Amino acid sequence: MSTSPTTNKLGLSLQDYTGGKSTLCVGCGHEGITLQIIHAAFELGLEPHQVAKLSGIGCSSKTPAYFLRSAWGFNSIHGRAAAVCTGVALANRSMKNLLVSGDGDSMSIGLNHFTHLIRRNVPVVYIIEDNGVYALTKGQFSATADQGSALRWGQVNELPPVDPCTLAMELGCGFVARSFSGNPKQLKTLIKAAFAHPGTAVLDVISPCVTWNNHETSTRSYQSAKQREIPLQELGFIPPFHTEPVEIPAGESREVTFPDGSRITFRTLHEDYDPSNRIEAWRIVHESREKGELLTGLLYCHPDKPTLHDFVKTTQTPLTALPQSTLKPGPEVLLRIMEELA
Amino acid sequence: MSTSPTTNKLGLSLQDYTGGKSTLCVGCGHEGITLQIIHAAFELGLEPHQVAKLSGIGCSSKTPAYFLRSAWGFNSIHGRAAAVCTGVALANRSMKNLLVSGDGDSMSIGLNHFTHLIRRNVPVVYIIEDNGVYALTKGQFSATADQGSALRWGQVNELPPVDPCTLAMELGCGFVARSFSGNPKQLKTLIKAAFAHPGTAVLDVISPCVTWNNHETSTRSYQSAKQREIPLQELGFIPPFHTEPVEIPAGESREVTFPDGSRITFRTLHEDYDPSNRIEAWRIVHESREKGELLTGLLYCHPDKPTLHDFVKTTQTPLTALPQSTLKPGPEVLLRIMEELA
Amino acid sequence: MTRVNNFSIEVATVNGSGSQTANNVLMRAIFQMGVPVSGKNFFPSNISGMPTWFQIRLSHRGYAARKPETDLMVCMNPESAAEDIARLPPGALCIYDESLKLGNCRQDITAFGVPFQELATACCPEMKFQRLVKNMVYVGVLVRLLGIEMSEATLALARLLKGKAEALNHAAMDAGYQWALANLPDQEELRVQREPRSGARLLIDGNTACALGALFAGVTVVGWYPITPSTGLIEGLAEYAASHRLDPETAGPTVAILQMEDELASAGMVVGAGWAGARSMTATSGPGLSLMTEFIGLAYYAEVPGVFVDVQRVGPSTGLPTRSSQSDIKLCAKAGHGDTLHINLYPATMEECFRFTYDAFDLAERFQTPVFLVSDLDLAMQSWITNPFEYPEGNLDRGKVLDEEALKKIQAWGRYRDVDGDGIPYRTLPGTPGGKGAYLTRGSGHNAQAVYTENPAEYTEVLLRIQRKILSAASVLPQPIHLECGGKRGVLAYGSSDPAVMEALDILREHHGTRLDYLRVRALPFSETIGGFLRSMEVVYVVEQNRDGQMAALLKEFFPKEAPRLRSVLHFDSTPITAQTIVDQILSQEM
Amino acid sequence: MTRVNNFSIEVATVNGSGSQTANNVLMRAIFQMGVPVSGKNFFPSNISGMPTWFQIRLSHRGYAARKPETDLMVCMNPESAAEDIARLPPGALCIYDESLKLGNCRQDITAFGVPFQELATACCPEMKFQRLVKNMVYVGVLVRLLGIEMSEATLALARLLKGKAEALNHAAMDAGYQWALANLPDQEELRVQREPRSGARLLIDGNTACALGALFAGVTVVGWYPITPSTGLIEGLAEYAASHRLDPETAGPTVAILQMEDELASAGMVVGAGWAGARSMTATSGPGLSLMTEFIGLAYYAEVPGVFVDVQRVGPSTGLPTRSSQSDIKLCAKAGHGDTLHINLYPATMEECFRFTYDAFDLAERFQTPVFLVSDLDLAMQSWITNPFEYPEGNLDRGKVLDEEALKKIQAWGRYRDVDGDGIPYRTLPGTPGGKGAYLTRGSGHNAQAVYTENPAEYTEVLLRIQRKILSAASVLPQPIHLECGGKRGVLAYGSSDPAVMEALDILREHHGTRLDYLRVRALPFSETIGGFLRSMEVVYVVEQNRDGQMAALLKEFFPKEAPRLRSVLHFDSTPITAQTIVDQILSQEM
Ligand SMILES: Cc1ncc(C[n+]2csc(CCOP(=O)(O)OP(=O)(O)O)c2C)c(N)n1
Ligand SMILES: Cc1ncc(C[n+]2csc(CCOP(=O)(O)OP(=O)(O)O)c2C)c(N)n1
Ligand code: SF4
Ligand code: SF4
Ligand SMILES: [Mg+2]
Ligand SMILES: [Mg+2]
């Protein structure tokens with residue numbers, strides 16, 4: 001970050017991408033994600049007003065108030081931001097959608113919408129701030145809690161977790177990544193790449209809750225995540241405009257190109273891991289989780305799939321920008337229809 | 001069936017396992033499933049009153065009225081039979097739960113409950129009568145419709161399907177099978193084995209809808225399914241009591257034993273397919289679907305996983321059978337609690 | 001005595017047997033002769049093989065309500081035949097499938113057996129079509145029996161079918177006609193006679209009328225989930241949109257219609273799209289509406305426009321999905337936890353289905369709130385005669401939206417500030433350039449600036465303003481229609497009860513010497529006119545098709561002073577209310 | 001003039017700072033001295049770092065409603081300090097963290113700076129605990145300042161903490177005490193004095209009271225989803241069940257508590273379990289209840305028992321999740337599409353929270369229907385003094401359930417037949433042996449035999465019987481409580497408004513010479529007693545904590561003749577209603 005210029009291609013400063021004062025706990029993992037969203041958006045030079053921030057309910061879902069103050073945001077209801085997002089995407093396809101959710105919000109109450117959002121490949125950067133608990137309601141286990149992880153007051157989770165990443169892969173999601181709020185560089189790069197992805201980009205970000213789930217017997221603590229993390233790749237992101245210094249990982253490097261011309265480059269740290277091979281990737285992530293490892297990085301990427309707009313055949317002009325003359329057929333049309341029915 | 005005795009170990013006849021008059025269309029795939037449920041229950045000698053029949057809403061969900069007339073049934077609301085079932089399972093663990101649902105009922109509106117039922121390994125035989133359409137509402141595509149399949153009036157499905165079987169595998173379901181209402185023998189055997197499984201047993205049964213989805217351009221027609229079906233195994237089921245002739249597939253045969261002592265035996269027809277290897281099975285099913293094949297049989301089986309009752313530590317005696325003396329603490333308990341609060 | 005253009009025909013058959021086309025030809029032929037006609041299809045909640053009944057009422061006075069007595073029965077269904085015959089009034093006519101052998105079962109009716117199978121076989125060699133064309137045979141028989149003009153029947157058939165199907169069916173109709181000519185005696189009981197048409201008229205169902213309303217209102221985003229009886233609305237919209245709502249430049253569709261995973265998602269996407277600036281809508285029925293409750297509350301409190309069509313069926317729960325009622329009145333009025341009150345429109349005619357749906361979009365954007373179009377199965381899926389719809393002139397009312405230009409001129413903008421004193425704040429749409437106008441919408445406590453608050457005064461300010469805003473809509477919503485006769489007793493009704501009320505008023509006046517005023521309520525929040533009406537009456541009968549008197553409850557709430565004078569006339573057995581039901585209940589309460 | 005046992009203390013602090021223990025010790029110490037006390041915690045909807053206030057009201061007359069004025073403020077939060085001080089009435093006392101330098105900000109109050117950090121550091125060398133024990137320092141200061149007995153404070157502390165934590169905190173309390181002794185002048189404004197206790201009393205919150213009700217009612221299956229302010233109920237139940245609801249044979253739990261994936265699932269599993277014969281329940285708040293709407297309608301129509309606790313918070317939508325209201329009245333009364341009316345219980349005291357929850361299970365099984373326990377955050381999460389609960393004697397009422405024996409004796413059984421003429425049918429439980437009694441439950445149309453029907457008469461028969469059944473419950477539900485004074489004007493209220501009403505009645509009588517009757521409604525459907533009361537009054541003020549007068553609307557619906565005489569007293573700013581609000585609104589409406 002030290003090499004970054006103080007303004008981006010739009011002439012905006014980092015400050016322009018910040019938001020209101022946070023009310024989260026000091027040290028909360030979610031804050032780390034907020035920060036990387038700010039940095040990524042700044043470095044990408046996103047027009048803030050063209051970003052729609054969407055969320056459900058939870059500590060995580062509050063964060064859209066804390067970044068991109070000049071973007072519109074919709075802090076909706078628990079578990080259903082995906083549905084709201086689908087409406088926004090259809091209404092105005094020119095928006096960049098950024099959905100921030102929690103593991104409770106997305107993997108239990110909102111799981112059906114999560115699934116079908118992916119199925120429709122709705123254009124959105126979908127970040128799950130994954131702390132393994134329902135933090136805002138004071139720390140009950142969520143569906144992503146690991147088996148054997150314990151709450152502070154001793155209760156042990158015996159249920160198997162739902163893994164947002166392997167689930168997304170199963171559902172055919174074209175961009176699946178896992179990161180850790182304690183790994184800011186990787187996280188920022190992945191967020192940038194996610195914005196380049198034309199469809200649904202799922203980012204499951206391990207995000208420790210310092211109040212309810214950061215103790216020794218928890219597998220979702222900073223310490224546990226740090227210890228178990230195995231980054232799959234060293235990642236770099238090259239935006240289409242090339243105006244800023246590019247972080248390209250040293251050594252032999254591969255890349256995936258997105259339709260907008262931007263590229264994610266990566267040097268594989270894990271033998272054989274190929275993020276373009278869905279079935280193999282799925283296998284490795286599963287096997288690794290069973291070993292207690294935490295693989296992070298770009299898990300799967302396949303940017304060339306039809307999106308919502310292909311399915312619905314949405315007009316290129318955003319529907320919200322169509323003039324009344326297009327929207328409201330004339331009297332002759334009504335007349336014709338009436339005659340057909342006479 | 002010709003060799004079957006006319007009464008089972010309980011002295012009941014096949015007739016005793018039938019239900020009310022069906023109101024489904026003549027030739028509906030669901031009828032074939034109903035018939036095999038009747039046969040399986042008869043051959044297993046299930047006590048009808050110990051079966052709880054649960055369903056949502058749809059043509060498929062109507063079928064509990066058409067089998068096991070002496071079983072209690074609950075035709076609930078759209079997509080939520082899994083939740084109802086969880087309540088039944090906890091209330092009275094001695095019941096055998098049989099849930100019949102549709103692809104619309106389970107893979108869209110009910111998908112969240114489906115997921116979490118599996119996660120909790122709720123004891124139930126969960127049959128999805130999968131016709132790729134919302135039949136009762138007159139034939140809209142469901143989430144299991146194949147890409148490229150067309151409706152009678154021409155509309156083509158472009159969305160990728162949700163596959164109940166690979167999804168169940170992803171979620172760690174301990175019994176996952178696919179069958180076809182046009183393959184009665186396999187279907188019956190799988191239903192029997194599913195009843196022996198102590199947790200959630202998912203059976204996705206391709207079940208053509210003759211009214212809305214049985215035409216040439218549909219991939220969910222009888223003809224298409226017949227053409228594309230590749231049975232993975234020749235299956236047999238040996239109940240724990242051995243009182244009736246057992247169908248053991250000829251040739252080299254393997255088996256899985258269920259906790260109650262019953263066994264499913266199978267002779268593999270598909271090289272390398274090992275239904276005890278979740279990851280490999282998942283891979284093969286995915287790859288095969290991409291080729292347009294329809295693998296049927298026992299896709300994955302791992303009966304030894306903790307169930308809902310292990311997680312909740314439900315008393316062995318069904319909760320509904322506990323006497324008031326156990327349920328209602330005495331006055332001394334209230335007194336003690338009141339003193340603690342004084 | 002011959003009854004001319006004033007009787008009813010009923011076809012009892014099996015669903016999935018293809019009788020729909022035949023019934024439509026029959027009804028249209030009569031309609032084309034200028035005879036006021038209405039058709040009601042009583043179909044089961046399954047796909048094929050169950051009894052279904054189609055009733056056609058001819059009424060030279062234009063009564064379109066359900067008529068309980070059938071004057072001419074066509075018995076095609078062996079399952080229900082005995083009951084169908086049993087409920088005929090003495091003197092009725094009946095034609096039945098010969099094979100049913102119903103000839104002697106009642107002495108007080110006239111029944112003719114028709115060899116349907118034989119006739120169908122003769123005119124249609126292909127076995128697989130015989131079941132279908134059999135239906136057209138009874139049309140032919142009736143054409144002859146009732147004096148329907150064959151040319152109109154032929155025309156009606158040609159509208160519905162083309163090519164080989166038309167030819168086959170025409171042959172069948174003709175076979176029926178010829179057989180009747182040769183075998184049936186003339187009858188003079190029931191006759192259809194051409195009437196001079198009073199202006200252009202057309203046949204339509206309410207779902208189609210609503211779909212057209214949405215089409216012309218410029219709906220752009222539709223999220224839905226299939227559910228009877230609302231499905232037809234969306235499917236109709238999709239069909240019309242495919243020809244009439246294409247982008248002139250790209251020829252692509254200008255309305256995005258997406259089948260969602262459930263009704264929660266449908267509501268959510270409507271809210272998301274409405275927030276983003278689309279004209280968004282969904283259509284559903286009771287169970288779906290129940291599921292939308294939470295999102296509706298969000299839209300109300302966060303002030304997001306959206307149109308919700310509820311096509312009421314019979315509840316509670318799954319109830320009778322293919323039957324009609326007015327039992328979601330309470331839910332549509334107040335869906336949501338916490339304090340909520342929604343704008344509701346109650347169409348009673350096809351023109352209102354069209355116009356109110358059109359208006360709903362304007363109202364939703366003007367008042368920045370969910371607006372409910374409260375339809376029902378009887379309106380939505382039955383066939384009604386109507387005048388052609390008037391074109392809704394004028395611009396779409398997009399409400400108070402600040403665009404880039406407007407924002408530039410403004411110093412301090414606050415999403416929920418009541419600048420104009422009318423309770424309606426200004427909104428901005430995501431994506432508006434200029435760096436101003438962005439805000440974060442939330443369903444949690446917010447102040448006039450849209451900033452999170454837990455401050456009691458700030459919270460209250462917003463909630464009170466919303467209340468004012470919604471109540472203020474009363475004056476611009478469709479006003480009640482008052483049919484005056486200057487008396488002190490009146491009837492109040494809404495929606496699909498209207499035809500039965502109109503007929504009942506005539507019966508009461510003509511046969512019982514009772515004259516009643518009639519007020520038809522067309523929207524919630526209630527207009528002050530309703531209060532005035534109630535105040536001017538000694539007794540008001542509130543007619544509705546539910547068990548609990550749901551509209552009466554709302555009236556009592558909002559007009560407590562008048563509550564003592566309200567009396568309920570209720571009908572909720574799943575059939576559309578009849579005039580006689582209203583007459584009977586009113587007379588029994590008049591002491 | 002010294003105010004003894006009749007003033008209020010407020011601690012303004014930051015949430016997550018651990019002040020809860022300190023506040024509890026303070027309140028308990030006063031309580032143990034026999035002084036009627038109540039505590040209200042105003043906390044934000046976040047986890048830490050936001051302003052939070054704890055109010056303790058001492059009232060020798062036993063008033064437990066919120067008191068808006070604070071007589072003694074403890075300022076610990078720099079963020080809110082200025083505002084906290086600003087709203088103190090003249091003459092108030094204040095102690096504040098010295099570092100805040102508030103000494104001179106108001107001349108008309110007495111404010112003392114306390115070196116909290118210094119004192120905490122001195123008595124607690126471990127840095128990480130200092131923030132926590134600081135809170136106990138102010139307890140010590142107040143003990144000294146107000147004359148609270150140190151022995152009671154010590155006892156109170158010992159109840160809450162053990163071991164090292166107790167020791168540390170005790171040291172801190174003592175440090176505060178000693179510091180005050182040495183540095184603060186005696187004050188005679190506010191004193192706490194021992195009062196003779198009138199019988200045993202205890203401190204409890206409503207969630208715990210409800211949990212105990214369920215515990216003793218033999219609840220066996222609980223499906224839930226976390227949501228403020230209901231979470232504590234389930235967590236409390238789990239805790240008590242772990243010691244008091246173990247199977248004597250296996251020592252396993254006899255209640256299955258399962259956190260579900262959402263509220264739809266919670267409701268569904270409650271319905272499933274209730275159907276299977278369990279005593280099942282859930283607890284939720286507005287947003288969750290909205291989501292349960294469809295399942296509630298199913299339970300109503302299919303006649304499945306289940307207990308639904310709604311702990312009301314502030315809506316609409318997410319609203320203010322940590323604040324209280326009575327705004328789900330309409331939803332609890334009628335959740336569901338179609339015609340529905342539910343049994344609702346409105347507890348106002350801790351004893352009622354306990355007893356009504358207990359009763360709810362009996363009622364649910366007796367009437368085979370969902371029963372709503374309508375609580376709110378103020379009842380549920382605040383601390384209330386109460387008499388010890390009376391043990392609910394007698395057998396659990398499991399309702400009309402036919403077991404194998406009973407079924408044997410019966411010829412023809414029908415699930416929905418009204419055998420006894422009371423509208424309540426007999427049910428059977430899945431798994432009952434004997435080959436009789438099985439049936440299929442459905443939310444679609446069914447007749448008295450539980451067989452699918454679309455027949456209007458059969459459908460209506462069931463729906464009317466259900467209506468009769470539910471209405472008949474009125475006579476066995478908790479009857480309203482009438483505080484008579486023989487006048488012609490009265491107040492009607494329910495739930496957590498009760499303490500404020502009681503106090504308001506005193507104020508009206510003592511200061512304004514206005515005597516009003518008081519009727520407290522405790523259940524829906526309404527008892528005829530309520531009708532009688534309304535009829536006997538010229539004016540009735542309906543006091544409630546919502547914007548729309550939701551209870552008044554129900555009263556108008558069910559007692560239309562009395563509707564003109566109802567006037568609403570409404571408070572809905574998210575704080576619990578005060579006596580003065582009621583007094584003011586009543587006086588302004590008395591002309
Ligand atoms: C319908 C509904 N049910 C329950 C709640 C209560 N609730 C608020 S936040 C939350 C859990 C959030 O957990 P998660 O999404 O993991 O976010 P976190 O707080 O952990 O970041 C719940 C259950 C709600 N607001 N709405
Ligand atoms: C909440 C709700 N939404 C919609 C419906 C309407 N509906 C009835 S059946 C059905 C689809 C059933 O499809 P599926 O489960 O595949 O069953 P099938 O009829 O194909 O066997 C729908 C959407 C409903 N009953 N309830
Ligand atoms: S409770 Fe946990 S998730 Fe919520 S703000 Fe605090 S640390 Fe973050
Ligand atoms: S519509 Fe389809 S699914 Fe339904 S009964 Fe007929 S064939 Fe079966
Ligand atoms: Mg979380
Ligand atoms: Mg289906």
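Quantities reported herein were computed from a predicted structural model and do not represent experimental measurements. Every chain is numbered from 1, with letters handed out A, B, ... down the list of sequences.
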Residue selection (most heavy-atom pairs with chain A, distance under 4.5 Å) from [options]:
options: C:Ala217, C:Gly437, C:Gly443, C:Ser444; result: C:Gly437
options: C:Trp275, C:Phe389, C:Tyr439, C:Phe295; result: C:Trp275
options: C:Gly434, C:Ala278, C:Pro253, C:Ala267; result: C:Pro253
options: C:Leu246, C:Thr208, C:Thr428, C:Ile385; result: C:Thr428
options: C:Ala450, C:Pro388, C:Gly252; result: C:Pro388
options: C:Thr432, C:Leu212, C:Val451; result: C:Thr432

Can you measure from [atom1] ([X]) to [atom2] ([Y]) and round to the nearest 0.5 angstrom?
X: A:Leu90; Y: C:Met269; atom1: CG; atom2: CE; value: 5.0 Å
X: C:Gln259; Y: A:His116; atom1: CD; atom2: NE2; value: 10.5 Å
X: A:His78; Y: C:Glu294; atom1: NE2; atom2: CD; value: 9.0 Å
X: A:Ser61; Y: C:Arg442; atom1: OG; atom2: CZ; value: 12.0 Å

What's the verdict on side chain to side chain contact (heavy atoms under 4.5 Å, CB included) for C:Val271 and A:Phe74, showing C-alpha distance, side-chain angles and the deciding distance?
CA-CA 10 Å; C:Val271 170; A:Phe74 200 151; 3.7 Å; yes
Under 4.5 Å from any heavy atom of chain A, what part of [X] do you find: side chain, backbone, both or neither?
X: C:Val304; result: side chain
X: C:Arg201; result: backbone
X: C:Tyr240; result: side chain
X: C:Glu390; result: backbone
X: C:Arg398; result: side chain
X: C:Val270; result: neither
X: C:Ser280; result: neither

Checking heavy atoms, do the side chain of [X], its backbone, both or neither come under 4.5 Å from chain C?
X: A:Pro64; answer: both
X: A:Ser94; answer: neither
X: A:Ala65; answer: both
X: A:Leu54; answer: side chain

Identify the residues of residues 309-316 of chain A whose heavy atoms come closer than 4.5 Å to a heavy atom of chain C, ordered by number, or report 'none'.
A:Val312, A:Lys313, A:Thr315
Would you say the side chain of [Y] lies within less than 4.5 Å of the side chain of [X], judging by non-hydrogen atoms?
X: A:Thr326; Y: C:Asp247; result: yes
X: A:Leu327; Y: C:Arg245; result: yes
X: C:Pro430; Y: A:Asn92; result: no
X: A:Thr23; Y: C:Tyr452; result: no
X: A:Leu308; Y: C:Leu258; result: yes
X: A:His113; Y: C:Leu264; result: yes

With distance as the sole test, does A:Gln324 use its side chain to make a donor-acceptor pair with the main-chain N or O of C:Leu396 at under 3.5 Å?
yes
Would you say the side-chain atoms of A:Lys328 pair up with the backbone N or O of C:Pro392, donor to acceptor, closer than 3.5 Å?
yes
Does C:Glu404 form a side chain to side chain contact (heavy atoms under 4.5 Å, CB included) with A:His49? I'd like the steps, not just the answer.
CA-CA 11 Å; C:Glu404 188 181 2; A:His49 72 271; over 6 Å; no
Take A:Lys53 and C:Leu440, measure what side chain to side chain contact (heavy atoms under 4.5 Å, CB included) needs, and give me the verdict at the end.
CA-CA 8 Å; A:Lys53 307 176 292 184; C:Leu440 191 113; 4.2 Å; yes
Would A:Asn112 and C:Asp262 count as a side chain to side chain contact (heavy atoms under 4.5 Å, CB included) if you check the C-alpha gap in whole Å, the side-chain angles of each, and the deciding distance to 0.1 Å?
CA-CA 9 Å; A:Asn112 190 20; C:Asp262 60 16; 3.3 Å; yes
Take a 6.0 Å sphere around NZ of C:Lys162 and say whether it holds more than 12 heavy atoms from other residues, nucleotides or ligands.
yes
Take atom NZ in A:Lys138; do more than 12 heavy atoms of anything else shown fall under 6.0 Å from it?
no
Flag the one option from A:Ala321, A:Gly330, A:Pro329 with the top tally of heavy-atom pairs under 4.5 Å to chain C.
A:Pro329
Going by the rule side-chain contact (heavy atoms from CB on, under 4.5 Å), which residues pair with C:Ser383 if we only count those two or more places apart in sequence or in a different chain?
C:Met27, C:Leu203
Sequence neighbours excluded, the answer for salt bridge (Lys or Arg N to Asp or Glu O under 4.0 Å) partners of C:Arg427 is C:Glu365
Taking every heavy atom of C:Val255 against every heavy atom of A:Leu319, the minimum-distance pair comes out as N-CD2, 4.4 Å
Show the atom names and distances, to 0.1 Å, of all donor-acceptor pairs under 3.5 Å that link a side chain in residues 334-342 of chain A to residues at least two apart or in another chain.
none

